[in-house]
Each structure stands twice: as structure tokens, then as C-alpha cells.
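Lettering follows sequence order; numbering is per chain, from 1.
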There are 2 protein chains.
Amino acid sequence: MPTKADQFAADLGALAAQAKALAHPARLAIIQLLADRDACVCGEIVDDLPLAQSTVSRHLKVLKEAGLVQGTVDGPSVCYCLDAEAIRVLHDRFADFFAQLEPRSTPDDCC
Amino acid sequence: MPTKADQFAADLGALAAQAKALAHPARLAIIQLLADRDACVCGEIVDDLPLAQSTVSRHLKVLKEAGLVQGTVDGPSVCYCLDAEAIRVLHDRFADFFAQLEPRSTPDDCC
DNA sequence: TTCGTTTATCGAATAACTACGATAAACGAT
DNA sequence: ATCGTTTATCGTAGTTATTCGATAAACGAA
């Protein structure tokens, strides 16, 4: 079922989709957590966030669906870690987007 | 009324809020449009997007509330333009966030 | 096998987002 | 003062997001 948002350029849609994954402080906090513990972390994320376990699980699912985080089963628990390559791609996408915004000499504030 | 998302660090909340403003292809398209026409544009945005005028007006409101766009009344129409300084700040915020993610030597993929 | 731990999913409630048409408000021009 | 143009807002509808508690599923250990 195509939504209205699909009528835009694919690259804008892709960037918007990943921006949406970043559009919640809990998910940003999770990303920072996963980066801080240089390797990866399992359910300690729940202890570090003021959210219920099921809520954290949902946020992790969003991040996984956005391709930013990977989870591998490790015994009874699950080990989550950042997808470093995906993060880099996202970083580049944002950098490109912002770079495109200022080829203009931004002479004086318009209006 | 404080929501659950307010319990996170203020900087994460601020970044998440602006990421949310970018989390729709129409709003990204609007930002690109405003940057392309080096100065600013009024209602031509509506003509360039496959959306109703009222919908575009809402998206513009979101961008204004995020502080990324300014609108000044110009006769019967309104002139919108990017807030170049706010864009720069947002760019920096994203850059900082991503930079923080990779102080690790990213030895080998964990897990 | 049974128990405890860990994670995912379901169900449900509330809130927010996206979208449109219709209408109102502001303004210049006639 | 009235008309047409432009933009904002309102009302509404449908979808999606956020959150929690409760429950299920997976697994190691006893």
C-alpha cells in the first residue's frame, strides 16, 4: 500500500526514514550506549533507560528495521551492536544533504 | 505536561526533535527547494509538491517550529527561507553526534 | 524436566502524524 | 467596498507511534 510519502525522490525517502529512526531521544541514547561500550550490550540497555523492557525492545526493533543496529542471539540473551557501516552511510547521507544546502554564497538573509 | 521523552538528556531531546523535523520526505524536499532558489520562495512550494496547500502549510509550520525555516509576510504572500544559522547548528549537532559514535577503534565487528 | 533469566510479542490506551477539503484571514488591486 | 490571490487554520479521518502490563518463547542451569 503506497503512502503519500512515496511520491518523493527515493533518496529523500531513505534519508527521511533514517531520520525518523533518530527522532526519539531513547533511540539516540541507545545508539550512544552501544557505541560507548565499545563492543556490544545486551539487556543492560533496559537498566540504563527509564523505560519498560517491552518499550526498549520496540525501540531496538525500530533501530534494527532502520538497519542501524544488529542483534545476534547469545545464549539466553541477545547482543546488540551498531552496524558501523550503516552508521557511516547515514552520516554520509546527512553530510551530503547539508552540503547541498549551501552551495549558495548565502549573500544576505533573504526577505 | 511532561512526556516520557523528557526524561532523557536535553541535548538528545533537542537533536531528536530536529531529526523529527527532517523525518518526512516532503519536509526534506521543502528544505532543498528553499536552498535551491538561492533567496526564498513563497507559495511556489505548493506547486512543486504533490500535496494539498493545507498540507504544505502544515509541513512549513513544523519546520518553522523546529527553527529551521523563517517566514516573513510579503504583501499578500509569505516569503519562506532557511534559517542558515539554525541549519548550521543542526549540521554541527549531527556531526558531533556521529563523531561521538566512533572514538572506538572499531576493532572487529562485535558479536 | 523444571526453574529462572532474558527477550519478543500481544493487547490496549493514548497521543501524534499525515492528509484533505472547507473555511477564514490578510492583502493588493480594481 | 468588493474581488481575487495567497496563506493559515479548523474539522475530520485514517494511520502510525509510544508506552505499559501481561504473556509467550528461548535458553542455560539445576
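Note on B:His24: every side-chain N or O is 4.0 Å or more away from OP1 and OP2 of D:dT16. Residue A:Tyr80 places no side-chain N or O under 4.0 Å from the OP1 or OP2 atom of C:dT6. OP1 and OP2 of D:dA17 both lie 4.0 Å or more from every side-chain N or O belonging to A:His59. Not one side-chain nitrogen or oxygen of B:Lys20 sits closer than 4.0 Å to the OP1 or OP2 atom of D:dA17.
For the atom pair A:Phe98 CZ and B:Asp92 CG, the distance stands at 9.5 Å (nearest 0.5 Å). Atom CG in A:Leu33 sits 10.0 Å away from atom CG in A:Leu82 (nearest 0.5 Å). Once rounded to the nearest 0.5 Å, the distance linking CG of A:Leu101 with CG of B:Leu28 reads 9.5 Å.
A donor-acceptor pair under 3.5 Å is absent between the side-chain atoms of B:Arg93 and the main chain of B:Leu15, judged by distance alone.
For B:Leu49 and C:dA19, the CG to C1' distance is 14 Å, given to the nearest whole Å. Note: CD (A:Glu65) to C1' (C:dA8) measures 13 Å, nearest angstrom.
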Between the protein and nucleotides 9-12 of chain D, which nitrogen or oxygen pairs come in under 3.5 angstrom?
none

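The side-chain hydrogen bond (donor to acceptor under 3.5 Å, both in side chains) check on A:Gln32 picks up B:Gln100, with sequence neighbours excluded. For B:Asp48, the side-chain hydrogen bond (donor to acceptor under 3.5 Å, both in side chains) partners two or more places apart in sequence, or in a different chain, are B:Arg37. Applying the side-chain hydrogen bond (donor to acceptor under 3.5 Å, both in side chains) test to B:His91 and every residue at least two apart in sequence or in another chain returns nothing.
For residues 49-75 of chain B, the set of pairs meeting the salt bridge (charged side-chain N to carboxylate O under 4.0 Å, His left out) definition, not counting sequence neighbours, is empty.
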Going 5' to 3' through nucleotides 25-30 of chain D, assign each nucleotide B (protein heavy atom under 4.0 Å from a base atom), S (under 4.0 Å only from sugar-phosphate atoms) or - (no protein heavy atom that close).
--SS--

